[in-house]
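Below is one structure; the comments refer to it alone.
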Amino acid sequence: MLEKLLEIKDLSVVYHTDEAHVYAVNAINLEIGARETIGLVGETGAGKTTTALAILRLLPEKTGHITQGEILFKGEDLLKKSKREMRGIRGAHISMIFQDPMTSLNPTITVGDQIYESLLIHNYEGKPRDELYKRVDELLELVGIPARRRKDYPHQFSGGMKQRVVISIALACQPQLLIADEPTTALDVTIQAQVLAMMYDLKEKLQTSMIMITHDLGVVAQTCDKVAIMYAGEIIEFGLAEDIFESDQHHPYTTGLFGSIPDLDIEADRLNPIEGLMPDPTALPCGCKFHPRCKLCMEICKTTLPPQWHEGDHMISCHLYSREK
Amino acid sequence: MSRYILKRILICIPTLVAITFIIFTIMSYTPGDVTRMILGQEATPEAMKELAHQMGLDKPFFVRYANYMVHLLQGDMGVSYRSGQSVFLEIIHRFPITLKLAFGSMCIAIAVGLLLGILAAVKQYSILDFFGTALAMLLASVPYFWLGLMMILLFSLKLGLLPSMGSNTWVHFILPSITVCVGSTAAILRLTRTTMLETIRQDYIRTARAKGQTEGKIIFKHALKNALLPVITVIGIEFGSLLGGAVVVESVFSLNGVGSLLLQAIRLKDTPQVTGCAVFLAFFFMMIMLAVDILYAYIDPRIKARYQNS
């Protein structure tokens, strides 16, 4: 077992708005070992991005509240750090790649300077300017952008190129943990594969751990060691990539997710989605959160929180499996 | 870029022609007789007719307009009916006062408006935000002439701290500048708050936070530059309108600026002087707007690229 880099224990996040309380993340547990890649999979609104923002303590200040739990990074609780200490961690030890490269870069600053800024903030050794700019050039080349484009502005780049710049900003200080929030969702399919392959290479080269947030199971299969399936703010299934992709035992939601991927070999007139919608996070159902949409729903599911079933690393949170035991 | 600037300057010409035409028409077809103004109430009709002939006022409207334009295009704004002096020289003589007033009040407006606007946005829903918004509302609704008079009462008469009239030193400009700046301050404050609020919710601000950047740098380096574009436009418009619109304040504080010159000229139906002032101020206004557009290009590289392509 690799040493633990990040441990999330019992983390809950609530957004307080004027109208309601939104229970975005509900008591999740997650561990990430050094050099591991974990896929965080789920529909829009499952709480994936909220989890990521909570790790970096970047939740919207007025509305987003972490109500319970711990986030241990190398054994230290990030939730107990001062603002100043957090700034020292962001970008240097934990970095994040955001979903939409079109809006993630400041339109009025050259890409070189945006990468340079990242280096400058964490330049504790007081390296001279020239050296930092040399590193900017290196980083650009690393993500496959010619260094001469350092002085160009974001609007002069394509979407895929912008995401490369965003990635080079995130990797500038060689963080131990990289959180990639749907890094390829906004890109063309042809570019997606390129960017993913590049990220995977860089991660291996720099020995970074990674949390890959996505709703694309294909992306997970390509890149992740372990997978956590999130639904309505909970992790309902967790396991090694093999467990998720090859095992026969799944949470009904995971089964539904796989079932909704169209198969070229089987002729079907209609797509096969999971019926219904994600529950309203302001009023989550009792018992298992998935029961209103579950085809295998039993009486107990409507009233009682499902227990966790374990087999090796594989965890499923569902009543179906507790009965078998 | 220089092609763009040249193009913009050329566009000024039709605008100026239209302005002169409108002013000239209004001055020609509104009641009142210049010759009577000059000669006084007791003038005989013969004398008035004689004078009108000398001044060319008996010629048809289009001939007079064409005459005026021919001279204007040669850089000659004509001679004031009232003083018999060159219109252009009179304007140039008084313009520094107007410019100082506009400049002084814009400095105050920008300093106060930008600062409070940024603070109100960054600390949204706080006491500061409430105070800023309330102040903006108050400033926007205060009438200039009333504020000017009240300030003269308080600072000049009661406290004896500041002069109430004249334009000899910069101290003379303090009260009028404060009086004129209130409207612009309110406009800048409100707009800065709105655009800042919008900007600090952008994804790239979150990116900057994720880098570990400090809040101060995030606001002033990342957000302000992006929020500034619409604010600069308003600053330009406000500055331009102060040049011509400070008429009331100029008369409250007895400042001999272009505004009071224009007002005087309108009363006396001094057509060359009125048209001259209007053309001068309009031209200045257009130059300010051009400067604003050029400034845009230096703030936002996307706009610069567009200029270069056009």
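So that the names make sense, note that chain A is the first sequence line, chain B the second, and so on, each numbered from 1. For the numbers below, each heavy atom of this structure counts, side chains included, while hydrogens, waters and symmetry mates do not.
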**Prompt:** Are the side chains of B:Lys225 and A:Asn106 in touch, meaning some heavy atoms are under 4.5 Å apart?
**Reply:** no

**Request:** Could you tell me whether A:Glu117 and B:Lys221 make a salt bridge, using a distance below 4.0 angstrom between a side-chain N and a carboxylate O?
**Result:** yes

**Prompt:** Top residue by heavy-atom pair count (under 4.5 Å) with chain B, among A:Lys83, A:Arg90, A:His122?
**Reply:** A:Arg90

**Complete:** Rounding to 0.5 Å, atoms OG1 (A:Thr108) and OH (B:Tyr204) come to a distance of 6.5 Å

**Request:** Run the numbers on B:Asp203 and A:Met102 for side chain to side chain contact (heavy atoms under 4.5 Å, CB included), then give the verdict.
**Result:** CA-CA 9 Å; B:Asp203 285 351; A:Met102 305 315 248; over 6 Å; no

**Prompt:** Got more than 12 heavy atoms from elsewhere within 6.0 Å of CD, B:Glu198?
**Reply:** no

**Asked** If you count the non-hydrogen atoms of other residues, nucleotides and ligands that lie under 6.0 Å from CD1 in B:Ile127, is the total more than 12?
**Response** no

**Request:** Determine the option with the most heavy-atom pairs under 4.5 angstrom with chain B, choosing from A:Ile89, A:Leu53, A:Leu56, A:Leu58.
**Result:** A:Leu58

**Asked** Got a second to check how far A:Ile121's CD1 is from B:Thr214's OG1, nearest 0.5 Å?
**Response** 7.5 Å

**Complete:** So NZ of B:Lys217 and CG of A:Leu120: to nearest 0.5 Å the spacing works out to 7.0 Å

**Asked** Taking everything shown except B:Tyr298 itself, do over 12 heavy atoms lie less than 6.0 Å from its OH?
**Response** no

**Fill in**
Applying a strict 4.5 Å limit to non-hydrogen atoms, the region of A:Leu105 in contact with chain B is backbone

**Item:** Side chain, backbone, both or neither of B:Arg201 within contact of chain A (heavy atoms, under 4.5 Å)
**Value:** neither

**Item:** Over all atoms of both residues, closest heavy-atom pair of B:Ala305 and A:His155
**Value:** CB-CE1, 3.7 Å

**Request:** Let me see the working for A:Gln114 and B:Lys211 under side chain to side chain contact (heavy atoms under 4.5 Å, CB included), right down to the final yes or no.
**Result:** CA-CA 10 Å; A:Gln114 296 194 49; B:Lys211 285 178 187 173; 3.8 Å; yes

**Asked** Hey, does A:Tyr153 have a side-chain heavy atom less than 4.5 Å from the side chain of B:Arg302?
**Response** no

**Message:** Heavy-atom cut-off 4.5 Å, strictly under: side chain, backbone, both or neither for A:Lys62 against chain B?
**Reply:** side chain

**Message:** Rounded at 0.5 Å granularity, tell me how far CZ in A:Arg57 sits from CZ in B:Arg209.
**Reply:** 13.0 Å

**Asked** For the side chain of B:Thr207 and the backbone of A:Ser104, is there at least one donor-acceptor N/O pair under 3.5 Å apart?
**Response** yes

**B:Phe95 CZ: over 12 foreign heavy atoms closer than 6.0 Å** = yes

**Complete:** Greatest number of non-hydrogen atom pairs under 4.5 angstrom with chain B, of A:Pro175, A:Pro107, A:Ser118, falls to A:Pro107

**Message:** Taking side chain as everything from C-beta outward and backbone as N, CA, C, O, which of these in B:Gln213 sits under 4.5 Å from a heavy atom of chain A? Side chain, backbone, both or neither.
**Reply:** both

